[in-house]
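Below: the structure, in structure tokens.
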Amino acid sequence: MTTIDTNKHKKAKALKPGSVRPAKELCSECGLCDTYYIHYVKEACAFITQRIDELETSTHNRPRNLEDENELYFGVHQEMIAARKIQPIEGAQWTGIVSTIAIEMLNRGLVEGVVCVQNSKEDRFQPMPIIARTPEEILAAKVNKPTLSPNLSVLEQIEKSGMKRLLVIGVGCQIQALRAVEKKLGLEKLYVLGTPCVDNVTRAGLQKFLETTSRSPETVVSYEFMQDFRVHFKHEDGSEEKVPFFGLKTNVLKDIFAPSCMSCFDYVNSLADIVVGYMGAPFNWQWIVVRNDTGKEMLELVKDQLHTQPVMSKGDRKAAVQQGIEAYDKAVTLPMWVAKLMGVVIDKIGPQGLEYGKFSMDSHFTRNYLYVKRNHPEKLEDHVPEFAKRIVAQYKLPE
Ligand code: FAD
Ligand code: SF4
Ligand code: SF4
């Protein structure tokens, strides 16, 4: 009788830092290849084999309903709400819903550890993934590290620690690879708390973005591309700086986004149990997408700490998206006064709530579709998921 060796991966060798990854230039540095789980890279890497449709069905027990516009865009879900913490966590990216869910799960003994990402001592934007075992360690991971982050580099430690119940916080490309190796981690229960993610950059790319966009790059502590069509920078002294999207130096910034992120169609983190972002909510609210029963259980833990309201949708994004496609392709940068004016006009009459979320997805999916078509035409058919093809097909694209 032959027995199947389920631990074959342990003989595989992690890649050394700095060495070329199997996905080559498309690698998003998710961290999988820093571990012996590199053994599964061909089926796990989001840039080698795109498996969102299949993994959605196995994770949520049903496929995405492509005939329902909200599912087409935001993925399989039971519920979407807008929320804010009644007492926001100071220094969190938004109000700290992500950190709060993680802390509650640890405090109530639902999990023994939380995969999250702190920053290095020397650099507030240099990601340092950890398995947090205390609320303090989770809190120290609050706020976005707006750079590629090897969150899965701690996977070997999980198996070695003997942990059986785990929460992983991460973005779409990390979560696709995680779902693909989930059964090999030796866990009894895995919880996945996702955030949306788009336009990510290497640490060097981030520096260029800060230097070309902010009045004081060295004091920026966090920033967000907000629903009011401005980038909001928070500075060390507590001041806020707002720069209209339409005034960004598109010609300079075009090349800073990582090739992985220019080829990514998992903006909404389709394989997480619950997703916490902002782009489907009114200005200044966070947006929560509950995908399955596990996600529902996670939301229930913190509901008494939240103000909530139903999601809303207003405006019509389509004309603005179509104009944006052409302007971006020609790398048009508007003079700052026109950009400010346009920002104000669009803010007043433009898409809001779910419509804003769809505006952002349409703009990024059309741009990324063109990028893959031009740079990796051989990948286009298999790499772009069906839902993204349908979204892109609504627009006229340049050659
Ligand atoms: P906090 O309580 O501050 O916790 C933040 C958590 O994010 C921490 O647990 C940390 O471990 C984790 N984290 C930080 N950086 C990374 C990283 N690089 N990779 C993986 N995990 C990380 N939402 C939208 O709606 N639209 C967007 O376009 C959008 N873009 C994003 C781009 C990036 C690179 C990231 C990391 C997030 C993005 N989000 C986006 C999510 C949003 O900015 C907030 O992170 C989310 O709403 C949670 O806010 P919070 O206050 O609850 O999080
Ligand atoms: Fe490996 Fe992740 Fe890079 Fe793919 S994206 S090559 S799985 S490190
Ligand atoms: Fe990963 Fe996509 Fe985010 Fe890039 S944009 S870091 S590929 S989830």
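Numbering starts at 1 and runs along the sequence shown. Note that this is a predicted model, so its numbers are computed, not measured.
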> Which atom pair, heavy atoms only, marks the closest approach of Ile48 to Pro22?
Replying inline: CD1-CB, 3.8 Å
> Minimum heavy-atom separation for Ile38 to Cys33, with atom names?
Replying inline: CG1-SG, 3.8 Å
> Between Phe229 and Tyr356, is the gap from one ring center to the other below 6.0 Å?
Replying inline: yes
>> Within the structure provided, determine whether Phe47 and Ser28 are in side-chain contact (heavy-atom separation under 4.5 Å).
In response: yes
> Applying the side-chain contact (heavy atoms from CB on, under 4.5 Å) test to Val168, which of Asp273, Leu185, Leu178 qualifies?
Replying inline: Leu178
> Are Arg64 and Phe387 in a cation-pi setup, meaning NZ or CZ lies under 6.0 angstrom from the ring centre and within 45 degrees of the ring axis?
Replying inline: yes
> How are the rings of Phe365 and Phe265 set relative to one another: parallel (under 30°), tilted (30 to 60°) or perpendicular (over 60°)?
Replying inline: perpendicular
> Picking from Lys184, Glu159, Lys8, what satisfies side-chain hydrogen bond (donor to acceptor under 3.5 Å, both in side chains) with Tyr36?
Replying inline: Glu159
>> Tell me the closest heavy-atom pair linking Ser99 and Ile89, and the distance in Å.
In response: CB-CD1, 3.9 Å
> Are the side chain of Asn269 and the backbone of Thr195 linked by a donor-acceptor contact shorter than 3.5 Å?
Replying inline: yes
> Which one of Val289, Thr95, Leu193 satisfies the side-chain contact (heavy atoms from CB on, under 4.5 Å) criterion with Val276?
Replying inline: Leu193
>> According to salt bridge (Lys or Arg N to Asp or Glu O under 4.0 Å), does anything in residues 386-399 pair up with another residue at least two apart or in another chain? List the pairs.
In response: Glu67-Arg390, Lys373-Glu399, Glu381-Lys389, Glu386-Arg390
>> Check Arg21 with Asp34, please: is the shortest side-chain N to carboxylate O separation under 4.0 Å?
In response: yes
>> Do Lys85 and Leu306 have side chains that approach each other closer than 4.5 Å (heavy atoms only, starting at C-beta)?
In response: yes
> Is atom CD of Glu90 surrounded by more than 12 heavy atoms (other residues, nucleotides or ligands) closer than 6.0 Å?
Replying inline: no
> Roughly how far, to the nearest 0.5 Å, is the CG atom of Leu106 from the OG1 atom of Thr134?
Replying inline: 7.5 Å
>> Would a single hydrophobic cluster contain both Val221 and Met226, if residues Ile, Leu, Val, Met, Phe, Trp and Tyr are joined by side-chain heavy-atom contacts under 4.5 Å?
In response: no
> Which atom pair, heavy atoms only, marks the closest approach of Ile325 to Pro398?
Replying inline: CG2-CD, 3.7 Å
>> Could you see if Ile274 belongs to whatever hydrophobic cluster contains Leu190? Use Ile, Leu, Val, Met, Phe, Trp, Tyr and a side-chain cutoff under 4.5 Å.
In response: no
>> Can a side-chain donor-acceptor contact be found between His376 and Glu25 if the only test is distance below 3.5 angstrom?
In response: yes
> Is any NZ, NE, NH1 or NH2 atom of the basic residue among Glu297 and Lys303 found under 4.0 Å from an Asp or Glu carboxylate oxygen of the other?
Replying inline: no
> Is it true that Arg51 and Glu54 have a side-chain N and a carboxylate O under 4.0 angstrom from each other?
Replying inline: yes
> Has the side chain of Asn292 got a donor or acceptor atom that lies under 3.5 Å from a matching backbone atom of Gln78?
Replying inline: no
> Is a side-chain donor-acceptor pair under 3.5 Å present for Asp362 with Tyr395?
Replying inline: yes
>> Once rounded to the nearest 0.5 Å, what's the spacing between atom CD1 of Ile101 and atom CG of Leu301?
In response: 8.0 Å
> Side chain of Arg179, backbone of Glu56: donor and acceptor closer than 3.5 Å?
Replying inline: no
> Going by atom types only, do Thr213 and Lys249 share a side-chain donor-acceptor pair under 3.5 Å?
Replying inline: no
> For Glu122 and Gln126, does a side-chain donor sit closer than 3.5 Å to a side-chain acceptor?
Replying inline: no
>> Using a 6.0 Å cut-off, check whether atom CD of Glu240 has over 12 heavy atoms from anything other than its own residue.
In response: yes
> In terms of hydrophobic clustering (I, L, V, M, F, W, Y; side-chain heavy atoms under 4.5 Å; direct or indirect links), are Leu166 and Val154 co-clustered?
Replying inline: yes
> Please walk me through it: do Lys160 and Glu156 pass salt bridge (charged side-chain N to carboxylate O under 4.0 Å, His left out)?
Replying inline: CA-CA 6 Å; Lys160 286 176 186 154; Glu156 269 187 47; 2.9 Å; yes
>> Whether the side chain of Gln93 engages the backbone of Asn144 through a donor-acceptor N/O pair (distance < 3.5 Å, no angle test) should be reported.
In response: yes
>> Distance check, rounded to the nearest 0.5 Å: Asp123 atom CG versus Met128 atom CE?
In response: 11.5 Å
>> Per the ring pair (Phe, Tyr, Trp, His ring centres under 6.0 Å) rule, what does the pair list look like for residues 86-120, sequence neighbours excluded?
In response: Trp94-Tyr278
> Does any donor atom in the side chain of Thr294 or Lys189 lie under 3.5 Å from an acceptor atom in the other side chain?
Replying inline: yes
> Between atom OG1 of Thr35 and atom CG of Leu152, what is the distance when rounded to the nearest 0.5 Å?
Replying inline: 7.5 Å
>> Working note: Arg108 + Glu300, criterion salt bridge (charged side-chain N to carboxylate O under 4.0 Å, His left out); need CA distance, chi angles, decisive distance, verdict.
In response: CA-CA 13 Å; Arg108 296 188 197 205; Glu300 288 305 322; over 6 Å; no
> For Arg215, does its backbone N or O pair with a side-chain atom of Glu241 as donor and acceptor, under 3.5 Å?
Replying inline: yes
> Parallel, tilted or perpendicular: which describes the rings of Phe233 and Tyr223, with under 30° parallel and over 60° perpendicular?
Replying inline: tilted
>> Any donor-acceptor pair under 3.5 Å linking the side-chain atoms of Glu224 with those of His232?
In response: no
>> Is it the case that the side chain of Glu104 and the backbone of Thr100 share a donor-acceptor pair, with hydrogens and angles ignored and the cut-off at 3.5 Å?
In response: no
>> Less than 4.5 Å apart, side chain to side chain, heavy atoms only: is that true for Val198 and Met279?
In response: no
>> Nearest 0.5 Å, please: how far is OH in Tyr191 from CD1 in Ile169?
In response: 14.0 Å
>> Please check this pair: side chain of Gln227 against backbone of Pro282, looking for a donor-acceptor N/O pair closer than 3.5 Å.
In response: yes
>> Do Val171 and Leu55 sit in one hydrophobic cluster, given that two such residues count as connected whenever their side-chain heavy atoms are within less than 4.5 Å of each other, even indirectly?
In response: no
>> Testing the basics here: between Pro135 and Ile103, what is the closest heavy-atom pair and its distance to 0.1 Å?
In response: CB-CG2, 4.0 Å
> Does His383 use its side chain to pair, donor to acceptor, with the backbone of Ser263 at less than 3.5 Å?
Replying inline: yes
> Does Arg291 use its side chain to pair, donor to acceptor, with the backbone of Val76 at less than 3.5 Å?
Replying inline: yes
> Among side-chain atoms of Gln352 and Ser313, is any donor-acceptor pair under 3.5 angstrom?
Replying inline: no
> Looking only at atom types and distance, does a side-chain atom of Asn368 sit under 3.5 Å from a main-chain N or O of Cys261, one as donor and one as acceptor?
Replying inline: yes
>> Would you say Leu110 ends up clustered with Ile158 if hydrophobic residues are merged whenever their side chains have heavy atoms under 4.5 Å apart, either directly or through other cluster members?
In response: no
>> Give me the atom names and distance for the closest heavy-atom approach of Val117 to Pro127.
In response: CG2-CB, 3.5 Å
> Parallel under 30°, tilted from 30 to 60°, perpendicular over 60°: which one fits the rings of His9 and His39?
Replying inline: tilted
> Can you tell me how far CZ of Phe359 sits from CG of Asp316, rounded to the nearest 0.5 angstrom?
Replying inline: 11.5 Å
>> Are Leu354 and Lys314 packed together at the side-chain level, in the sense that at least one heavy-atom pair is separated by less than 4.5 angstrom?
In response: no
>> Show every salt bridge (Lys or Arg N to Asp or Glu O under 4.0 Å) that has at least one partner inside residues 142-153, sequence neighbours left out.
In response: none
> Taking atom types as modelled and ignoring hydrogens, do the side chains of Thr219 and Ser216 form a donor-acceptor contact shorter than 3.5 angstrom?
Replying inline: yes
